[in-house]
*Asks:* 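One structure, pasted below without further comment.
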Amino acid sequence: MNSLQVNVEFGGGAELLFDNKKTVTISLPEKKEKWTIEHLLIWIKDNLLKERQEMFLQGNSVRPGILVLVNDTDWELMNTINYIIQPNDRILFISTLHGG
Amino acid sequence: MPKCSAKCGNKAILKRPKTGDALCKECFFDAFETEIHYTITKCTLFKPNMTVAIAASGGKDSTVLAYVLKLLNKKYNYGLKLVLLSIDEGITGYRDDSLNTVKQNRDDYEMPLKILSYKDLYGWTMDEIVEKVGRKNNCTFCGVFRRQALDRGAALLKVDCIATGHNADDIAETVLMNVLRGDLARLKRCTAIITGNGSGDGIPRVKPLKYTFEKEIVMYAYFRKLLYFSTECVFAPNAYRGHARMLLKDLEKIDPTIIMNIIYSGESIRVSENTSLPSLTNCTNCGYVSSQQLCKACVLLEGLNRGLPRLGIGKSSRVKQILTEEKYNNLNSNSCVEAKNCLCKNLKDNSVNLK
Ligand SMILES: [Zn+2]
Ligand SMILES: [Zn+2]
Ligand SMILES: [Zn+2]
């Protein structure tokens, strides 16, 4: 089995949707197509996000106002949902929607 | 992997919503700080030797504001004395963490901090208010009391000016809300980068982050490793603002410049001379600037203290009328307050003239 290891992180209040977990290391199962962030979001929805999915997801992407960084780079520079995930990528979701 | 648009040779880390530029970390810091400096100098937000209270909640905006003001004050010799001012609403568990963050800001940025509680200022904690009015209505109190608390705190600290962390997204959202509500008086005020500068209009408030996008504030805090606190309001969120915010975020996804365009629209609106706007006066009770004889905070407080906590939730013209009626007719019954349908009878019709 060649699973794909990824570090998923949450910040800016997004962690409140994930039992206050700020970092999760996950193993994505092997599949025919390459893993993209779009696929990862579905995986997160099915495996990590138990409730209030609309607070995190909208359509096939994140809810507008949630920033995504791949290895500390804005995903808007990396093809957003179509980015192909590499082993040990660090994917960070930061909410701008939560108050302070 | 894209390179920095500034041609410095570094790897870009962020796409700027305002310009679409891809910038590296250093060029982003520089652009972010320089733009705020430009806003401060172009709009003359400060004068040398001023004492400026930064309204500090421990959240992203005020944390970034405190950090950047400290940095710019030093770099450009503004000659400002910066202090942090925090409000403790007394909501169990809600402010504890954020106040700890503010205390961290105080230590990290070496600024004096003043924390004022609602109990100090109003005699009521939010928990006590919730007990009276229920969770559905408490944010009315939350907002009104917070607005005035800053002014009272600022007066107490004898500062010359209050700086708040309102960012471009916040202001666009407020413009949108005021358009949807047809609130001309607030629409005129909400885009102003300095308010309260006129005579008898309280301590001036400035918004140095007025043209700064929320995305960049969060990215800046992240890359500068600034510690901030984020939470949802533990009580029911303000539904109206929530809807406006979501609409704006959806629009922003299509084209981020919509934010600047909405602010610009708000700034450009001219109200026809013959439109009567509620003129601002000072509250006869506390002196705070108000469109009514009694400011909203005093109305709410009066309601609480008299055991009619729902007084003041809703249209203020209705409240004023009720208070007037009660004062002059010496009514004991509050049936009018309870009757939902009396609201519509008192809604004022502001004819909107947009040129
Ligand atoms: Zn650069
Ligand atoms: Zn609230
Ligand atoms: Zn008053």
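Lettering of chains follows the sequences in order, A, B, ..., and the numbering in each one begins at 1.
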*Asks:* Can you confirm whether more than 12 heavy atoms, excluding those of B:Lys114, are under 6.0 Å from its NZ atom?
*Replies:* no

*Asks:* At a heavy-atom distance under 4.5 Å, which candidate from A:Asp72, A:Val70, A:Leu69 has the highest pair count against chain B?
*Replies:* A:Asp72

*Asks:* Between atom CG of B:Asp250 and atom CD of A:Gln58, what is the distance when rounded to the nearest 0.5 Å?
*Replies:*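 Answer rounded to 0.5 Å: 4.5 Å.
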
*Asks:* Closest heavy-atom contact between B:Ser230 and A:Gly13?
*Replies:*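 In terms of heavy atoms, the two residues are closest at OG-N, 3.0 Å.
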
*Asks:* Could you state the interatomic distance from CG (A:Asn71) to CD1 (B:Ile13), rounded to the nearest 0.5 Å?
*Replies:*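 Rounded to the nearest 0.5 Å, the CG-CD1 separation comes to 13.0 Å.
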
*Asks:* If you check every heavy atom in residues 216-227 of chain B against those of chain A, which residues fall under 4.5 Å?
*Replies:*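 Counting heavy atoms that sit under 4.5 Å from chain A, the residues of residues 216-227 of chain B involved are B:Val218, B:Met219, B:Tyr222, B:Phe223.
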
*Asks:* Minimum heavy-atom separation for A:Thr73 and B:Ala12, please, with both atom names.
*Replies:* CG2-O, 3.6 Å

*Asks:* Please flag which part of A:Ile94 lies under 4.5 Å from any non-hydrogen atom of chain B: side chain, backbone, both or neither.
*Replies:* side chain

*Asks:* Taking NZ in A:Lys31 as the centre, count heavy atoms belonging to other residues, nucleotides or ligands within less than 6.0 Å. Is the count above 12?
*Replies:* yes

*Asks:* Which one, B:Met246, B:Glu252, B:Lys11, B:Lys25, leads in non-hydrogen pairs under 4.5 Å with chain A?
*Replies:*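 Looking at each option in turn, the highest pair count goes to B:Met246.
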
*Asks:* May I ask you to check whether over 12 heavy atoms, not counting those of B:Arg186, lie within 6.0 Å of atom CZ?
*Replies:*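 Not buried by this count: 12 neighbours or fewer within 6.0 Å.
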
*Asks:* Do B:Lys253 and A:Arg63 have side chains that approach each other closer than 4.5 Å (heavy atoms only, starting at C-beta)?
*Replies:* no

*Asks:* Rounded to the nearest 0.5 Å, what's the gap from CG on B:Asp61 to OG1 on A:Thr96? Could you check?
*Replies:* 9.5 Å

*Asks:* Indicate yes or no: at least one non-hydrogen side-chain atom of B:Lys215 is less than 4.5 angstrom from one of A:Asp74.
*Replies:*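 Result yes, sub-4.5 Å side-chain heavy-atom pair found.
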
